[in-house]
Colleague: 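Sharing a structure below in structure tokens format, with a few things to ask.
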Amino acid sequence: MARKRITHYRTCNLCESMCGVEVEIEGKEVLSVRGDKNDVFSRGHICPKATALKDLYDDPDRLKQPMRRSGDRWDPISWEEAFEEVVARIHRIQEDHGRNSVGVYLGNPNAHNFGTMVFGPPFLRALGSKNRFSATSCDQLPLMMTSYFMFGHQLLFPVPDVDRTDFMMILGANPLASNGSIMAGPGIKKRLEGISERGGKVVVIDPRRTETARIADEHVFIRPGTDALFLLGLLHEVCAAGVDLGRLAGSVKNLDRILEIAKGYPPTQTEAITGIPAETVKRFARELRQAPKGVLYGRMGASTQEFGSLCMWLINVINAVTGNLDEPGGSMFSTPAIDVLNAAGGFGAGRGSFGRWRSRVRGLPEFGGELPSAVIAEEILTEGEGQIRAMIMLAGNPVLSTPNGRQLDSAFASLDFCVSIDFFINETSRHADIILPPVSPIERSHYDLALYLTAVRNVAKYSPPPFPQEDGRLDDWEILTELTCRLAAQRHGKLSKQYLTAVASKKAGPERVLDLGLRLGPYGKRFNPLSPGLSLAKLRKNPQGFDLGPLQSTFPDRIPEAHGPIDLAPDLLVEDLDRLQARYAPNTDGGQLLLIGRRHLRSNNSWMHNAARLMKGKERCTLMIHPDDAARIGVSDGDKVSISSRVGQVSAPAEVTDDMMPGVVSLPHGFGHGRDGVQLRVATRHSGVSVNDLTDEQSLDVSGNAAFSGVPVKVAPAAQVAAAE
Ligand SMILES: Nc1nc2c(c(=O)[nH]1)N[C@H]1C(S)=C(S)[C@@H](COP(=O)(O)OP(=O)(O)OC[C@H]3O[C@@H](n4cnc5c(=O)[nH]c(N)nc54)[C@H](O)[C@@H]3O)O[C@H]1N2
Ligand SMILES: Nc1nc2c(c(=O)[nH]1)N[C@H]1C(S)=C(S)[C@@H](COP(=O)(O)OP(=O)(O)OC[C@H]3O[C@@H](n4cnc5c(=O)[nH]c(N)nc54)[C@H](O)[C@@H]3O)O[C@H]1N2
Ligand code: SF4
Ligand SMILES: [Mo]
């Protein structure tokens with residue numbers, strides 16, 4: 001019988017853009033992946049990674065069955081055997097050494113996975129360990145912490161209203177490579193170009209002349225890690241000319257504190273440190289104030305640095321005092337169809353929390369129930385009560401993603417037990433005793449619970465699975481619910497409330513929860529009879545998405561009552577100004593080169609390097625360096641250089657380019673696949689080196705976030721270093 005070709009509509013889950021794709025399918029074969037012109041959000045836009053959804057599905061290295069490691073050997077085992085062993089080992093270790101002896105790390109793909117977002121939290125509760133970590137503390141933690149302190153909820157993500165603004169300043173983001181982050185909008189290049197076309201202006205502040213800088217109206221270099229000082233200078237100028245809180249004037253507190261702080265930072269004082277002339281800062285302040293609608297937006301480069309929280313705070317403050325907070329064309333907050341902020345039950349991420357407990361060794365504070373990933377290694381390696389003896393990795397590759405990866409490698413090698421829920425044997429999962437592989441993303445149903453919080457427009461779309469799941473394959477949520485049930489049974493018995501609740505939630509599955517979330521949400525009929533009446537059935541009828549319109553102003557109503565007014569000057573952040581002051585006291589600059597990272601359009605953190613079509617072209621894992629620095633050190637383009645920091649040393653080819661600010665070098669993250677035991681045939685041919693073998697787990701923001709930007713490094717010709725050794 002001839003198999004029928006069908007077109008399946010879904011959302012690409014690889015980055016935050018949420019592009020609609022048309023997947024052509026015959027039986028269980030994926031024939032092609034194309035942009036969906038009728039997707040309400042992306043209107044046909046995709047990037048080269050979309051086709052990699054097919055590559056990922058077809059990848060011969062992708063695991064389809066649980067694996068057990070014995071030394072260097074991996075053997076396939078049954079799900080029953082795998083679950084049995086994982087739960088027995090975890091239970092035993094927690095019985096012997098306490099709940100915190102089992103650590104958990106949640107990786108970035110969880111943010112793109114409805115099932116793990118709904119069924120991960122009950123699993124974590126069942127586990128009951130305070131040693132919880134995630135990619136958040138290598139990414140947007142400063143932003144979430146700032147939202148928690150200023151607006152009262154960690155999930156109030158400020159999103160630049162890129163489609164309606166007239167002036168946009170981008171600090172430390174490269175949306176032309178990343179496709180936009182906490183600014184989820186497919187076709188972001190066109191959206192940015194739209195600003196200039198409307199007669200507005202885009203300014204990029206970045207130590208590298210990036211792809212985004214090239215399409216901007218103006219780009220200025222900044223010395224890595226000094227954005228907070230630049231922003232204070234800008235705040236000084238804005239405040240000196242007079243503040244305008246607009247509609248929110250009656251809903252904020254501590255403006256006087258801000259005005260006082262602003263006085264202390266004239267840009268004439270900060271220019272020598274940031275490298276941005278005072279005159280330029282003054283002009284930017286004027287342009288921002290004069291623009292009918294303007295917005296400051298900061299991402300990775302401004303977040304993963306020593307003063308990331310100060311940056312996120314000052315960006316919010318400047319948006320507020322120029323009347324651009326929660327206003328069209330300014331910095332806004334989405335209203336997603338499932339209101340994760342107010343939803344109870346399965347989605348309840350909570351408003352946030354800070355410092356309820358501290359890490360055992362370094363005493364770093366918890367945020368939102370998690371400790372900074374920078375402490376994982378020391379919590380494993382430092383003996384004593386409360387030491388981590390087992391780790392569970394859920395869709396994460398911390399060996400390549402968190403600072404001081406080599407130290408983490410040794411720490412993982414010393415564990416009593418380690419589980420990875422992952423479909424690859426990669427740099428982290430090679431340390432696992434057991435790997436539990438979920439189906440590939442294209443095979444499961446999809447709804448963007450988290451990313452709609454960061455979208456530049458309100459939309460909702462549900463993608464069903466394209467074909468029935470094969471026997472013997474499990475999705476992430478099934479793995480998690482099975483673990484939760486078995487853990488509850490082991491611990492409390494099969495008659496316990498814990499076990500029965502776990503079984504009930506496993507039976508319910510993601511779709512039931514999704515339907516309920518939609519019906520109870522702001523566009524459901526239940527509370528708003530005038531709404532479109534969203535439900536799962538309604539989304540099924542609209543497989544190319546449901547448009548819910550442009551972002552709406554929602555403050556002050558959206559601020560949780562318990563928080564009170566918007567706090568412009570939370571204590572923790574104001575106090576961190578002293579650390580900034582001390583750090584940039586005159587003459588602390590040792591003249592070393594400062595290392596920053598880089599993303600490429602055809603990369604996706606550490607895990608898409610096994611797709612051959614994404615790896616074509618010239619070598620990407622190069623050290624970009626300015627010609628003056630290269631000449632001083634004595635290296636030419638293509639020469640191998642040694643790069644060393646306090647924690648490690650790696651070698652990579654030099655790429656000499658005046659796109660770099662003098663004194664700054666850049667190495668992309670996510671490479672370093674040459675480690676023993678990695679079973680990724682394509683990726684290991686393009687292994688590169690890991691930038692996180694250089695980044696320092698001791699260098700952190702006040703939130704505990706990793707400081708990847710501005711790592712002091714020594715660069716020398718590799719041959720010279722080898723000869724000296
Ligand atoms: N120096 C430096 N370090 C960085 C960054 C940087 O810019 N510079 N960026 C940081 C940022 S922003 C982030 S978000 C982190 C990312 O840090 P991580 O989340 O730790 O790393 P990823 O590379 O995203 O790895 C994801 C893992 O999940 C697996 N995976 C993919 N999809 C699924 C799935 O559906 N289910 C399951 N179970 N597994 C899946 C992949 O095989 C891979 O092993 O890295 C951070 N590290
Ligand atoms: N193609 C691709 N897309 C991705 C990803 C990917 O790996 N590849 N990862 C996804 C993830 S998890 C995330 S979080 C997002 C990140 O999305 P973005 O934040 O847009 O991405 P980056 O390329 O990390 O941009 C950081 C920029 O900050 C600059 N920078 C570095 N240090 C400093 C500094 O001190 N100050 C200033 N002002 N700038 C600095 C860098 O030069 C770089 O241009 O991208 C997502 N999309
Ligand atoms: S920009 Fe590329 S990776 Fe991101 S969602 Fe769209 S197609 Fe997927
Ligand atoms: Mo990220």
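All heavy atoms count here, side chains included; hydrogens, waters and symmetry mates do not. Quick caveat, the model's predicted, so the values are computed rather than measured. We count ligands from 1, going down the list as the structure has it; atoms in each ligand are counted the same way.
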Colleague: Using only heavy-atom distances, determine whether the side chains of S181 and E16 contain a donor-acceptor pair under 3.5 Å.
Modeller: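 A donor-acceptor contact under 3.5 Å links the two side chains.
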Colleague: Are N705 and S137 close enough that a side-chain donor and a side-chain acceptor fall under 3.5 Å?
Modeller: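 Their side chains do not contain a donor-acceptor pair, so the 3.5 Å distance test is not met.
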Colleague: Could you go through ligand 2 and note, for every N or O atom, any protein N or O atom closer than 3.5 angstrom, writing the atom names and distance to 0.1 Å, or 'none'?
Modeller:
| residue | atom | partner | partner atom | Å |
| --- | --- | --- | --- | --- |
| ligand 2 | 1 (N) | K49 | NZ | 3.0 |
| ligand 2 | 1 (N) | A177 | O | 3.0 |
| ligand 2 | 1 (N) | H600 | O | 2.7 |
| ligand 2 | 1 (N) | L601 | O | 3.2 |
| ligand 2 | 1 (N) | S603 | O | 3.0 |
| ligand 2 | 7 (O) | R599 | NE | 3.3 |
| ligand 2 | 7 (O) | N605 | N | 2.7 |
| ligand 2 | 7 (O) | N605 | OD1 | 3.2 |
| ligand 2 | 8 (N) | S603 | O | 2.8 |
| ligand 2 | 8 (N) | S603 | OG | 3.0 |
| ligand 2 | 9 (N) | R599 | NE | 2.9 |
| ligand 2 | 9 (N) | N605 | OD1 | 3.3 |
| ligand 2 | 17 (O) | S178 | OG | 3.3 |
| ligand 2 | 19 (O) | M300 | N | 3.1 |
| ligand 2 | 20 (O) | N174 | N | 2.9 |
| ligand 2 | 20 (O) | S178 | OG | 2.7 |
| ligand 2 | 24 (O) | R599 | NH1 | 2.7 |
| ligand 2 | 25 (O) | N174 | N | 3.3 |
| ligand 2 | 28 (O) | G172 | O | 3.4 |
| ligand 2 | 32 (N) | S709 | OG | 2.9 |
| ligand 2 | 35 (O) | G225 | N | 2.8 |
| ligand 2 | 35 (O) | D227 | OD1 | 3.4 |
| ligand 2 | 36 (N) | D227 | OD1 | 2.7 |
| ligand 2 | 36 (N) | D227 | OD2 | 3.4 |
| ligand 2 | 38 (N) | G172 | N | 3.3 |
| ligand 2 | 38 (N) | I205 | O | 3.0 |
| ligand 2 | 38 (N) | D227 | OD2 | 2.7 |
| ligand 2 | 42 (O) | D206 | OD1 | 2.7 |
| ligand 2 | 42 (O) | D206 | OD2 | 3.4 |
| ligand 2 | 44 (O) | D206 | OD2 | 2.7 |
| ligand 2 | 45 (O) | R599 | NE | 3.4 |
| ligand 2 | 47 (N) | S178 | O | 2.9 |

Colleague: With atoms numbered from 1 as shown, which atoms in ligand 1 lie under 4.0 angstrom from a non-hydrogen atom of G396?
Modeller: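 Those atoms are 20 (O), 27 (C), 28 (O), 44 (O).
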Colleague: Below 4.0 angstrom from a heavy atom of D476, which ligand 1 atoms are there? Numbered from 1 as shown, please.
Modeller: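 With D476 as reference, the close atoms of ligand 1 come out as 34 (C), 35 (O), 36 (N), 37 (C), 38 (N).
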Colleague: Is there a donor in the side chain of S703 and an acceptor in the side chain of D701, or the other way round, less than 3.5 Å apart?
Modeller: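 There is such a pair (donor and acceptor under 3.5 Å, judged by atom type) between the side chains of S703 and D701.
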Colleague: Can you check whether H669 and F708 have ring centres sitting under 6.0 Å from each other?
Modeller: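 No, ring centres 6.0 Å or more apart.
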Colleague: Does the side chain of R598 come under 3.5 Å of the side chain of T622 through a donor N or O and an acceptor N or O?
Modeller: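 Judged by distance alone, the side chains do pair up.
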Colleague: Which pairs count as salt bridge (Lys or Arg N to Asp or Glu O under 4.0 Å) when at least one residue sits in residues 658-670, sequence neighbours excluded?
Modeller: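 Of all non-adjacent pairs touching residues 658-670, those that pass salt bridge (Lys or Arg N to Asp or Glu O under 4.0 Å) are R209-D658, R209-D659, R214-D659.
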Colleague: Name all residues meeting the side chain to side chain donor-acceptor pair (under 3.5 Å) criterion together with R406; count only those two or more places apart in sequence or in a different chain, and write none if there are none.
Modeller: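 Once residues adjacent in sequence are excluded, the partners of R406 under the side chain to side chain donor-acceptor pair (under 3.5 Å) criterion are D693.
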Colleague: Which bit of N397 gets closer than 4.0 Å to ligand 1, counting heavy atoms only: side chain, backbone, both or neither?
Modeller: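 The answer is both, backbone and side chain.
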Colleague: Applying a heavy-atom cut-off of 4.0 Å, say which part of I421 lies close to ligand 1: side chain, backbone, both or neither.
Modeller: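 Both parts.
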Colleague: Only heavy atoms of P398, strictly under 4.0 Å: list the atoms of ligand 1 that pass.
Modeller: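 Here the atoms of ligand 1 in question are 20 (O).
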Colleague: Under 2.8 Å from atom 4 (Fe) of ligand 3, which protein N/O/S atoms are there?
Modeller: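 Only C15 SG fall inside 2.8 Å of atom 4 (Fe) of ligand 3.
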Colleague: Would you check whether T402 has a nitrogen or oxygen atom less than 3.5 angstrom from a nitrogen or oxygen atom of ligand 1?
Modeller: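 In fact, backbone or side chain, T402 has no N or O that close.
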Colleague: Give me the ring orientation class for F307 and Y584: parallel if the planes are under 30° apart, tilted from 30 to 60°, perpendicular past 60°.
Modeller: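 Tilted, since the angle between the ring planes falls between 30° and 60°.
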Colleague: Is the H686-H673 ring centre distance short of 6.0 angstrom?
Modeller: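 Not close enough - the centres of the two rings lie 6.0 Å or further apart.
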Colleague: Can you sort out which atoms of ligand 1 are near V691, meaning under 4.0 Å from one of its heavy atoms?
Modeller: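 Ligand 1 atoms under the 4.0 Å threshold to V691: 1 (N).
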Colleague: Quick one about R223 and T274 (side-chain donor to acceptor, distance below 3.5 Å, no hydrogens or angles considered), yes or no?
Modeller: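 T274 vs R223: no donor-acceptor pair found between side chains.
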Colleague: Indicate whether the side chain of N605 and that of R599 have a donor and an acceptor atom separated by less than 3.5 Å.
Modeller: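 Yes.
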Colleague: Is the ring pair F284/F230 parallel, tilted or perpendicular, if the boundaries are 30 and 60 degrees?
Modeller: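 Perpendicular: the ring planes of F284 and F230 meet at over 60°.
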Colleague: For ligand 1, which atoms, with element, lie under 4.0 Å from some heavy atom of Y105?
Modeller: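 Under 4.0 Å from Y105, ligand 1 has these atoms: 17 (O), 18 (P), 20 (O).
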Colleague: Taking heavy atoms and a distance under 4.0 Å, where does R444 meet ligand 1: side chain, backbone, both or neither?
Modeller: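 For R444, the contact with ligand 1 is made by the side chain alone.
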Colleague: When you check the gap from the basic side-chain N to the acidic O, do R208 and E655 get nearer than 4.0 Å?
Modeller: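 No, no charged N to carboxylate O under 4.0 Å.
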Colleague: Would you say the ring centroid of H219 lies under 6.0 angstrom from that of F221?
Modeller: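 Yes: the rings meet the under 6.0 Å criterion.
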Colleague: Does one side chain, of Q305 or D227, offer a donor that lies under 3.5 Å from an acceptor on the other?
Modeller: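 Q305 vs D227: donor-acceptor pair found between side chains.
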Colleague: Does the N or O separation between T695 and ligand 1 drop below 3.5 Å for any pair?
Modeller: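 N/O-N/O distance under 3.5 Å: no.
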Colleague: At a 4.0 Å threshold, what atoms of ligand 1 neighbour a non-hydrogen atom of F424?
Modeller: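 Going through ligand 1 atom by atom, the ones under 4.0 Å from F424 are 42 (O).
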